[in-house]
Amino acid sequence: MAVNLRGKSYLKLLDFTPAEIRYLLDLSKDFKSMKRSGVPHKYLDGKNIVLLFEKTSTRTRCSFEVAGRDLGMGVTYLDPGSSQMGKKESIPDTARVLGRMYDGIEYRGYSQQLVEELARYAGVPVWNGLTDQFHPTQMLADLLTIEEKFGRLKGINFTYMGDARNNMGNSLMVACAKMGLNFTACAPEALFPAEELVETCRRIAAENGCTVTLTENVAEGTANADVIYTDIWVSMGEPEGVWAERIKLLTPYQVNAAAMRNAKDTAIFMHCLPSFHDTRTTIGADIAKKFGISEMEVTDEVFEGRQSVVFDEAENRMHTIKAVVYATLC
Ligand code: CP
Ligand code: NVA
């Protein structure tokens with residue numbers, strides 16, 4: 001059946017069928033090849049989009065900005081420091097105003113409920129640029145990167161190590177279940193994803209011929225993996241005070257040479273970034289001083305090693321975001 005996403009918001013992958021996700025991945029490949037060969041694609045000339053960021057960003061913001069301009073659109077960036085958003089005007093009020101001026105709205109913030117509410121009121125497509133619960137634009141970049149490296153998605157053994165109940169753990173579990181990858185969350189039980197979402201994903205996985213596994217055992221969780229993925233241990237918006245407990249809980253789940261050795265020889269390492277793999281950041285240096293560790297969720301050796309595909313993955317954010325924007329506005 002033909003896929004038509006025009007006018008639809010992109011809020012979480014649960015709202016999309018495997019055929020729709022496949023369509024977005026194929027479109028991303030087309031845009032990537034056009035960009036690489038210098039073929040202009042200003043298909044949305046004359047349209048305008050606005051990017052609302054309540055949390056900081058490098059990749060997501062720049063991807064929307066470059067994608068928007070490549071498609072011929074005007075792009076406005078707003079954060080709470082340079083607009084009325086949040087302080088003097090609620091997000092739903094802001095969105096209703098912006099929906100009168102723009103053709104689409106990107107929102108990065110805290111609650112998933114809020115981005116869903118925005119989409120109900122805005123009257124134009126809303127794209128979720130990350131909430132505490134989900135990070136759906138990251139998923140397309142991750143799936144595209146895996147497909148580029150292995151030539152397929154179905155049957156890939158995907159292991160996520162670390163905080164498995166954050167936006168990345170949740171989203172990757174959904175993405176794998178939808179697209180036929182065997183998902184393993186390798187994490188302490190305290191940081192397993194919510195049971196209800198696990199059940200939902202197990203039902204979806206059963207329809208797509210794959211599995212969802214949760215394990216605390218690192219040897220079991222990494223054995224036979226094609227992809228080892230991790231994310232930072234403390235996400236944006238979480239209080240500073242959780243660092244000590246997280247470091248204690250997650251140190252056994254650090255992606256290091258031993259974890260990679262236990263996976264397949266052909267395994268790749270992935271990370272949504274930013275990453276604390278050394279002390280060359282203010283937070284990294286601060287944590288080193290307080291806790292005496294110089295690497296966190298991944299060692300510098302793995303991050304910089306031959307199996308790491310993190311910068312291909314980061315580039316793919318732009319091609320895939322372009323596909324989402326185009327498909328929903330064309
Ligand atoms: N991966 C990702 O979303 O990066 P930013 O926080 O820099 O946008
Ligand atoms: N879990 C991370 C993802 C960053 C892209 C965070 O929310 O900070």
Side-chain angles (χ1 to χ4, degrees), residues 10-13 28 49 51-68 75 77-80 106-112 114-115 127-146 160-175 185 187 191-194 197 227 229-243 246-247 249-250 253-255 269-277 280-284 287 296-298 303 308-322 324-325:
Y10 187 78
L11 305 175
K12 57 186 183 303
L13 228 45
S28 307
I49 60 171
L51 317 178
L52 309 183
F53 278 84
E54 291 207 283
K55 292 175 176 168
T56 51
S57 168
T58 297
R59 276 145 292 272
T60 309
R61 173 186 175 175
C62 295
S63 295
F64 272 99
E65 293 217 12
V66 174
V75 182
Y77 171 79
L78 286 186
D79 64 21
E106 182 276 355
Y107 174 76
R108 167 174 286 198
Y110 296 89
S111 88
Q112 181 69 20
L114 202 144
V115 77
W127 309 295
N128 176 1
L130 178 147
T131 62
D132 291 344
Q133 205 181 350
F134 292 115
H135 193 6
T137 60
Q138 179 75 46
M139 293 308 103
L140 292 178
D142 295 345
L143 291 169
L144 179 62
T145 308
I146 295 168
Y160 177 87
M161 296 178 77
D163 180 1
R165 35 104 266 177
N166 73 7
N167 40 22
M168 287 304 304
N170 290 341
S171 303
L172 287 164
M173 182 167 64
V174 175
L191 298 176
F192 278 175
L197 186 62
V227 180
Y229 200 117
T230 191
D231 183 19
I232 51 172
W233 288 346
V234 176
S235 286
M236 289 182 278
E238 293 197 291
E240 287 256 323
V242 300
W243 272 110
R246 269 321 140 69
I247 289 171
L249 272 175
L250 288 174
Y253 299 90
Q254 180 190 62
V255 180
F269 167 72
M270 298 181 73
H271 192 310
C272 56
L273 307 181
S275 160
F276 295 119
H277 58 96
R280 286 185 287 183
T281 59
T282 44
I283 295 178
I287 294 294
M296 287 187 250
E297 74 277 4
V298 56
F303 186 90
S308 175
V309 299
V310 296
F311 297 110
D312 294 331
E313 186 183 357
E315 176 192 333
N316 282 340
R317 296 298 312 285
M318 197 275 288
H319 305 299
T320 47
I321 279 176
K322 193 182 284 178
V324 171
V325 169

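Whatever order the structure lists them in is the order used to number ligands and atoms, beginning at 1.
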Taking the side chain from E313 and the backbone from M270, do they hold a donor-acceptor pair closer than 3.5 Å? no
Main-chain N/O of D163 paired to Y160 side chain as donor or acceptor, under 3.5 Å: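 Such a contact is found between Y160 side chain and D163 backbone.
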Below 4.0 angstrom, N of the basic side chain to O of the carboxylate: do R246 and E238 qualify? yes
Before accepting this row, confirm whether a basic side-chain N of the pair D132/R165 lies closer than 4.0 Å to the acidic partner's carboxylate O.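 Result for this pair is no, no salt bridge flagged.
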Go through ligand 2 atom by atom and flag the ones less than 4.0 Å from a non-hydrogen atom of [X].
X	value
L273	5 (C)
N166	1 (N)
S235	1 (N), 2 (C), 6 (C), 7 (O), 8 (O)

Please name the residue in the list H135, K12, Q112 that meets the side-chain hydrogen bond (donor to acceptor under 3.5 Å, both in side chains) test with N128. Q112
Using 0.5 Å steps for rounding, measure from the CG atom of L172 to the CZ atom of F134. 11.0 Å
Side-chain contact, heavy-atom cut-off 4.5 Å: E297 with Y253?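 In short, these two side chains do not touch, never coming nearer than 4.5 Å.
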Pair L130-K55, side chain to side chain contact (heavy atoms under 4.5 Å, CB included): steps then yes or no: CA-CA 9 Å; L130 178 147; K55 292 175 176 168; 3.7 Å; yes
Using the six-membered ring wherever Trp is involved, compare the ring planes of F303 and H277 and label them parallel, tilted or perpendicular (cut-offs 30° and 60°).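 F303 vs H277 ring planes: parallel.
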Going by distance alone, is a donor N or O of one side chain under 3.5 Å from an acceptor N or O of the other, for N316 and T145?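 Yes - a donor-acceptor pair under 3.5 Å links their side chains.
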Which residue owns the protein heavy atom closest to [atom], what's the atom, and how far is it?
atom	answer
atom 4 (C) of ligand 2	L130 CD1, 3.9 Å
atom 8 (O) of ligand 2	M236 N, 2.8 Å
atom 7 (O) of ligand 2	N167 ND2, 2.8 Å

For ligand 1, list the protein residues that place a heavy atom within a distance below 4.0 Å of one of its atoms, sorted by chain and number.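 The 4.0 Å shell around ligand 1 contains S57, T58, R59, T60, R108, H135, Q138, C272, L273, R317.
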Between D231, T60, T131, flag the one that comes closest to atom 2 (C) of ligand 2 by a heavy atom.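 Checking each option, the heavy atom nearest atom 2 (C) of ligand 2 is found in D231.
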So, does D163 sit close enough to ligand 2 that a heavy atom of it is under 4.0 Å from the ligand? no
Please confirm whether H135 comes within less than 3.5 Å of ligand 2 when only nitrogen or oxygen atoms on both sides are compared. no
